[in-house]
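What follows is a single structure, written as structure tokens, with notes after it.
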Amino acid sequence: MILALDIKSQLTDLIRAACAAVSPQASELSIVLERPKNAQHGDYACNVAMQAAKQLKRNPRELAQAIVAALPASCLIGKAEIAGAGFINFFIGIGAKQAVVREVLAAGVRYGETDRGRGQKISLEFVSSNPTGPLHVAHGRAAAFGASLANVMAAAGFVVQREYYVNDAGRQMDILTASTWLRYLQLAGADVPYPPNAYQGDYVQAMAQEILAQYGARMARTVTAVMTNVPALKEDACEKDRETARDARIDALIANAKQLLGGDFRLIHAHALKVQVDDMRADLTEFGVDYDCWYSEQSLYDNGLLDQALGKLIAAGHTYEEDGALWFRATQFGDEKDRVLRRSNGQYTYFAPDIAYHASKYDRGAEVVIDLWGPDHHGYIPRVRAAIAALGRDPEKFIVIISQLVKLYREGQPVKLSTRAGNYVTLRDLRTEVGRDAARFFYILRKSDQQLDFDLDLAKSQSNDNPVYYIQYAHARISSVFERWGGDRALLQDAKLDALTNEREAQLLQTLLDYPEVIANAALDYAPHALAYYLKDLAGHLHSYYNAEQFLVDDDALKLARLALIAAVQQVLRNGLVLLGVSAPERM
RNA sequence: GUGCCCGUAGCUCAACCGGAUAGAGCACCGGCCUUCUAAGCCGGGGGUUGUGGGUUCAAGUCCCGCCGGGCGCGCCA
């Protein structure tokens with residue numbers, strides 16, 4: 001929706017008109033309005049006079065004076081004064097601000113929406129964890145960030161497609177399949193060794209149980225058969241050699257599994273995939289994170305999109321063969337080295353289907369593609385960008401947001417995590433421990449490219465230390481006032497607002513006015529944390545107001561005006577919390 | 001070694017793409033509950049924005065050097 005009451009753009013128009021009257025050249029200037037930190041500097045400050053002073057060869061303060069003098073008459077501006085080096089400070093009349101209350105109450109859940117995104121189609125991919133085990137706390141951050149960003153962008157007028165790329169075709173899934181089978185063999189009584197780089201979690205055991213229950217001993221094989229041609233580990237060698245040996249060992253086990261099981265390998269594979277994807281989906285749904293599309297990597301092989309994408313690259317001459325492998329000339333598109341698409345063993349790299357996947361995002365209508373990745377993938381960005389460029393798409397329309405590491409703290413000490421032992425903290429653990437609201441909120445409190453220290457005790461604490469409760473409490477307090485009042489909230493829509501005149505009321509009105517722009521900026525900057533800080537701010541102003549003034553007063557006009565104001569505040573608090581996936585409780 | 005990201009109060013972090021006296025919370029000190037929820041409010045101390053230069057009316061923000069930290073640099077994903 002487009003606000004009737006957009007003070008900032010109305011003011012911008014007035015200033016532009018004034019500039020045009022002062023000088024034809026000045027009419028070309030871009031008018032930037034900013035909310036001063038210092039209340040003495042008014043509600044909006046404009047620096048256009050300082051920007052223009054040089055090219056107009058005029059003194060900035062004198063120029064500012066001329067612009068102010070040329071301002072068209074408007075009931076919006078209570079006062080405009082020159083300050084500092086040439087700022088024009090605007091004080092908005094309280095009457096103009098009061099109208100925001102009616103605006104908020106009329107718009108309701110839609111207050112804050114703008115058309116800044118102009119309906120641009122965005123593909124936003126986030127989490128996309130391998131379906132080889134439960135989501136852990138880093139995925140949780142990506143989930144919370146991606147979901148909040150998608151909500152904020154949608155509110156700002158973008159059309160957002162939320163995507164999860166399911167890596168159901170790669171080697172990791174084969175390892176999970178083999179892991180499940182090995183556990184199954186152990187359950188069936190076979191004394192097979194379990195490799196250290198197979199999946200260690202208990203969920204593998206659980207899947208093995210299910211396979212055993214469903215298919216009985218039909219997939220059992222002798223240990224000798226399973227271990228045929230499986231090379232030994234080299235635990236006394238150096239780290240690099242040990243890793244190579246481990247890789248070779250698990251690859252041999254996978255090859256044996258495929259050969260010994262035939263079609264049954266696909267059965268275990270399909271079972272494991274379904275269990276893991278269902279589990280992740282349930283986990284995310286419980287976290288308030290939903291997707292428009294779960295996109296299968298395997299489908300790119302099956303429906304020919306992979307061949308199509310590679311065919312395009314080959315036809316355009318962007319590939320070559322060397323050492324038996326197929327290479328992409330990534331260096332011609334800004335990457336630091338060329339990249340392998342198809343290995344000499346005939347297998348495609350992870351990169352190859354990923355190119356097809358990204359191509360499909362654009363082919364399905366995305367104007368801008370945004371990927372949210374972990375920090376360990378940032379070296380991968382130039383490669384994908386190069387491929388997008390090679391396919392004739394604008395690489396500027398491909399944006400990667402890096403979601404940095406999450407460190408957990410308990411009692412001031414970092415929580416030790418060891419992926420190898422399989423005892424990492426899952427998202428589900430975290431949700432169980434601190435609750436969904438605190439988890440969602442804490443996760444987006446930091447800029448995505450900054451490491452996040454997650455204080456478990458703080459997130460759990462039901463105290464004033466906890467910013468989630470601080471905001472929710474403001475919302476609940478307002479509910480409590482209305483419960484005490486007992487009147488009909490619909491009456492507030494038409495309440496007279498003239499009585500809202502004191503400093504705290506002016507502050508609240510202005511903060512409500514800021515909300516749509518906060519949403520828009522958070523969307524354009526990919527920075528949902530800005531919304532969290534705004535809500536803390538709004539809640540703070542409400543708490544101050546609550547403490548300073550009585551709402552349920554004898555003076556009827558004053559009472560209704562104040563109730564209308566806090567109803568509007570509550571609406572905005574709720575709207576903001578909804579975008580962040582945090583509940584807005586009526587009582588606490 | 002090379003590339004990217006980061007360095008702001010004792011701690012965790014903001015700062016509206018270059019604006020005015022760098023702001024919150026925690027911690028510390030002092031006040032406020034017979035009045036709509038004290039999970040709250042009011043007040044106080046605390047800073048050479050890692051460092052040295054540069055750009056300009058104006059730099060935490062932009063450019064260069066250095067110091068310190070994180071991550072990446074596979075025919076892995």
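Chain letters run A, B, ... following the sequence lines, proteins first and then strands; every chain starts at 1.
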Discussion item. Mind checking if A/D354 touches a base, just sugar-phosphate, or nothing, with heavy atoms under 4.0 Å?
Written reply: nothing

Response to the item:
Applying the 3.5 Å cut-off to both distances, the Watson-Crick or G-U partner of B/A38 turns out to be none

Worksheet item: Between A/R587 and A/E483, is there a salt bridge with N-O shorter than 4.0 Å?
Response: yes

Worksheet item: At under 4.0 Å between heavy atoms, what does A/R562 touch on the DNA or RNA strands: base, sugar-phosphate, or nothing?
Response: nothing

Item to complete: Would you mind telling me which of B/A14, B/C36, B/A77 lies closest to the side-chain atoms of A/V481?
Response: B/C36

Practice prompt. Report which part of the nucleic acid A/R484 touches: base, sugar-phosphate, or nothing (heavy-atom distance under 4.0 Å, all strands).
Written response: sugar-phosphate

Item to complete: May I ask you to verify if any side-chain N or O of A/Q450 is less than 4.0 angstrom from the OP1 or OP2 atom of B/A14?
Response: yes

Discussion item. Students often get this wrong, so: under 4.0 angstrom with heavy atoms, is A/H377 touching a base, only sugar-phosphate, or nothing?
Written reply: base

Discussion item. Ring centres under 6.0 Å, that's the criterion: do A/Y515 and A/Y534 meet it?
Written reply: yes

Discussion item. I'd like to know whether the aromatic ring centres of A/F87 and A/H41 sit less than 6.0 Å apart in this structure.
Written reply: no

Practice prompt. Report which part of the nucleic acid A/R342 touches: base, sugar-phosphate, or nothing (heavy-atom distance under 4.0 Å, all strands).
Written response: nothing

Worksheet entry | Selected nucleotide, minimal atom distance to A/F87 side chain, candidates B/U35, B/A20, B/C16 | B/A20

Worksheet item: So what does A/Q472 hit on the nucleic acid, given a heavy-atom distance under 4.0 Å: a base, only sugar-phosphate, or nothing?
Response: nothing

